[in-house]
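Read the structure below first, then the notes.
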Amino acid sequence: MYFDVETNDVRPHSILINQGENFEHARARIWSFLLDTSYKYPQQNILIITHGWIIKNIISLCLENIDGTSFKNPNNLSISKIQLNPALKQQRICYYNRPFIGTMVL
């Protein structure tokens, strides 16, 4: 089975059916983007709007989780916040999968 009902996500071996980018390569690109952006804008707040799989893997990479399949995708319109300090090789998860309610100040 290529879809995990528990996490509401595709499984890493789902690459076999669509011949797309493998999970490891995608996660490396995500992490590279985060590090590049945080170096370029060290004192800025950056808003990233993307799919749940990418958000979940950003969190997973911050936790140094190997495959990103240990927890569920975030809900639609939820908000997650991380802080990166690549110079010190530090990352902090402030929150994950908070429901969006009206106007929210980050």
Side-chain angles (χ1 to χ4, degrees):
M1 178 160 216
Y2 298 105
F3 189 80
D4 186 334
V5 177
E6 179 64 29
T7 63
N8 195 29
D9 201 358
V10 293
R11 293 185 176 172
H13 63 274
S14 67
I15 188 74
L16 301 173
I17 61 172
N18 64 6
Q19 299 177 350
E21 180 179 34
N22 68 40
F23 278 27
E24 289 177 25
H25 186 259
R27 287 168 51 88
R29 282 192 316 109
I30 292 166
W31 193 244
S32 177
F33 166 77
L34 291 172
L35 291 179
D36 290 348
T37 302
S38 62
Y39 273 120
K40 190 172 181 179
Y41 305 101
Q43 300 300 318
Q44 301 291 322
N45 292 324
I46 308 297
L47 175 65
I48 300 171
I49 301 170
T50 189
H51 297 281
W53 185 87
I54 293 175
I55 296 167
K56 180 176 81 167
N57 277 278
I58 288 170
I59 300 298
S60 175
L61 287 161
C62 287
L63 293 171
E64 300 179 7
N65 178 284
I66 295 171
D67 65 9
T69 60
S70 61
F71 50 93
K72 294 181 180 184
N73 274 347
N75 295 323
N76 289 337
L77 297 176
S78 68
I79 299 175
S80 300
K81 180 179 179 179
I82 65 168
Q83 294 175 331
L84 291 180
N85 186 335
L88 298 177
K89 296 186 179 183
Q90 294 176 336
Q91 54 271 349
R92 178 175 172 238
I93 300 166
C94 302
Y95 46 85
Y96 174 71
N97 197 26
R98 279 195 181 169
F100 175 76
I101 302 171
T103 304
M104 181 177 276
V105 176
L106 301 175

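Values in this document were obtained by computation on a predicted structure and should not be read as measured data.
- Residues meeting the side-chain hydrogen bond (donor to acceptor under 3.5 Å, both in side chains) test with His51, sequence neighbours left out: none.
- Hydrophobic cluster membership differs between Ile48 and Tyr39, with clusters built from Ile, Leu, Val, Met, Phe, Trp and Tyr side chains linked at under 4.5 angstrom.
- When the side-chain contact (heavy atoms from CB on, under 4.5 Å) test is applied to Ile30, the partners found at least two apart in sequence or on another chain are Leu34, Trp53, Ile54, Asn57, Ile58, Leu61.
- Nearest heavy-atom pair across Ile79 and Tyr95 is O-CD1, 3.6 Å.
- Qualifying side-chain contact (heavy atoms from CB on, under 4.5 Å) partners for Asn97, counting only residues two or more places apart in sequence or in other chains: Pro74, Asn75, Ser78.
- Contact detail for Tyr96 and Lys72: the closest heavy-atom pair is OH-O, 2.7 Å.
- Thr37 meets the side-chain hydrogen bond (donor to acceptor under 3.5 Å, both in side chains) test with no other residue; sequence neighbours excluded.
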Side-chain donor-acceptor contacts of residues 85-92 below 3.5 Å, not counting sequence neighbours, with atom names and distances?
unit_1: Asn85; atom_1: OD1; unit_2: Ala87; atom_2: N; d: 3.3
unit_1: Asn85; atom_1: OD1; unit_2: Leu88; atom_2: N; d: 3.2
unit_1: Gln91; atom_1: NE2; unit_2: Cys62; atom_2: O; d: 3.3
unit_1: Arg92; atom_1: NH1; unit_2: Gln83; atom_2: OE1; d: 3.0

